[in-house]
Amino acid sequence: MTKDSPTRLTERPEWQALKDHQKAMNKVHMKELFDQDSTRFERFFAKGAGLSLDYSKNRMVDETLDKLMALARSCQLPAKIDAMFRGERINVSEHRPALHVALRNSSDEGITVDGTDIMPEVRRTLARMEEFVWRILSNQWRGFANKPFTDVVSIGIGGSFLGPKLVSEALRPYWHGNLKCHYVANIDGTDISEVLRRINPETTLFLIQSKSFRTQETLENTEVARQWFLSNGGSQELISKHFVAVTANTAEAVEFGIAEENIFPMWDWVGGRYSLWSAIGLPTALTLGMDNFRALLAGAEAMDNHFRSTPLEDNLPVLTALLGVWYGNFWGADAHTILPYDHYMRGLPAHLQQVDMESNGKCVTQGGEPIDYETGPIIWGGAGANGQHAYHQLLHQGTKLSPADFIIPLRSHNPIADHHAILFANCLSQSQALMQGKTEEEARAELASQGLGADEINRLAPHKVIPGNKPSNTLLFERATPQAVGALVALYEHRTFVQGVIWDVDSFDQWGVELGKQLGKGILDRILEGETTGGSTDSSTAGLIRMFRSRHMPES
Ligand code: F6P
């Protein structure tokens with residue numbers, strides 16, 4: 001609760017109206033809504049930034065939308081959207097703006113932070129990226145044996161990993177071809193070992209990606225990479241040819257041994273999970289070329305413009321966010337499913353897990369008061385059609401409600417045989433099956449048509465009934481181009497923001513993940529130095545530490 005929203009969310013008339021409306025809608029099956037209205041598809045369809053959204057397969061009527069919009073207005077959504085774009089300190093617990101939109105702003109509009117227009121610095125960094133990418137791709141910048149680079153190893157985790165990896169993979173058809181990009185994120189030694197096994201130090205460039213330059217996994221992996229480089233023909237002087245960093249913490253990167261001229265900036269006003277548009281996107285720019293990276297930014301900017309200027313009723317991030325609120329807060333949905341029917345985009349659920357769950361997995365309001373309603377859902381999913389032969393069963397007949405987003409291009413980059421038509425048919429058959437289900441009557445008729453007797457029909461029919469009425473959206477675009485992928489990722493960023501506004505949480509901090517980091521340090525000390533160090537430990541953690549030490553420090 002903030003001074004702008006004087007009444008608790010759940011006590012507002014708009015919230016109560018939605019609660020009452022849910023009771024009425026509970027008796028309605030979506031199939032009936034489609035039967036009653038042949039124009040439902042046309043009426044619940046919206047477009048923006050090259051994306052199309054069919055949201056007709058939702059448990060809603062016009063009144064539902066009106067009530068959701070009223071809730072959004074009661075939360076001052078339009079003013080809050082404006083505040084984000086203007087650079088207000090909407091990350092209240094860290095007292096920072098959240099200005100990922102500045103990274104894709106190609107207009108003349110200045111954006112001010114602490115009295116300084118940040119746009120010149122954004123443009124300068126893009127120009128530096130452009131030059132760097134050109135020097136690498138044109139073989140002007142070479143490895144120590146004067147050979148062109150063949151491999152880039154990006155070392156980073158969380159937002160310094162998931163976003164660049166997703167967009168690079170999603171845009172596989174746009175790769176330049178010669179430079180292979182590897183990602184190392186995990187502190188599990190397997191991750192970096194497997195990469196080091198495949199590369200040649202003479203022709204490998206290491207990109208150290210860390211906004212804070214304090215992340216244990218990234219620093220440990222960087223140290224391993226440095227030692228490997230030094231013991232495989234490299235030298236201290238050659239580090240500046242092979243190690244480049246992206247960070248907001250230049251001092252610690254320099255102290256670590258990265259040459260200052262090899263450091264690209266990051267800024268406090270960009271959250272890690274929103275940073276793929278900054279120099280953290282260098283692995284993407286190197287893989288796709290700078291023109292395609294700029295096209296990615298342009299796609300995201302088109303979505304920013306759509307989000308900022310389109311009425312709430314036609315606004316893709318707003319519509320999708322409010323439907324998520326509808327299910328999460330009024331229908332008991334704990335999860336939201338992301339189903340990219342595009343093999344190149346199979347990393348989308350993992351990226352959106354961080355974007356959404358790290359942003360809205362919160363339990364106090366912006367004012368610090370405990371929350372008495374549900375906030376961010378569990379985000380999960382995977383590539384279609386593969387999931388149809390696995391977890392879709394739960395979507396169709398399980399007891400959990402997890403509304404789904406089906407995401408599919410109209411054209412494939414690989415149009416072989418009838419594959420894309422079959423993929424498209426699979427996608428539609430899933431959303432249709434989720435919506436209409438199968439009644440007992442239909443199940444019985446089907447079994448009878450197979451020649452089964454009455455006893456067998458009675459036995460099998462309950463298993464064959466599929467409740468249906470399971471909501472989904474379908475998001476379409478022409479082809480998975482850099483623009484489309486940029487717009488899609490930006491859509492989900494803004495969707496997350498809108499939900500954060502409704503729930504009155506700080507979507508841009510992540511204090512929860514800090515506790516593990518804090519405790520991890522003490523536990524590591526105990527593992528390495530024995531149980532006498534550090535404070536008291538619960539018996540479970542102490543017992544597990546003993547087990548580890550008994551294998552690795554048997555003398556202790
Ligand atoms: O631990 C979570 C987190 O702080 C994310 O928010 C961030 O994207 C990731 O760690 C990596 O942080 P950094 O870029 O500072 O290394």
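All ligand and atom numbering here is 1-based and tracks the order in the structure. Quick caveat: nothing in here was measured; it's all calculated off a predicted structure.
Residues of the protein with a heavy atom under 4.0 Å from ligand 1 are I157, G158, G159, S160, S210, K211, S212, T215, G272, Q354, E358, Q510, V513, K517, listed by chain and number.
A donor-acceptor pair shorter than 3.5 Å cannot be found between the side chains of T481 and Y174. If you check the side chains of Q216 and E220, you find no donor sitting under 3.5 Å from an acceptor.
Ring pair Y391/W380 is perpendicular by interplanar angle, where above 60° counts as perpendicular and below 30° as parallel.
For the pair R142 and F149, the NZ or CZ position fails the cation-pi test of under 6.0 Å to the six-membered ring centre and within 45 degrees of the ring normal. A cation-pi arrangement is absent between R226 and F206 under the rule of less than 6.0 angstrom and at most 45 degrees off the ring axis.
Aromatic rings from F243 and F256 are positioned such that their centres are separated by 6.0 Å or more.
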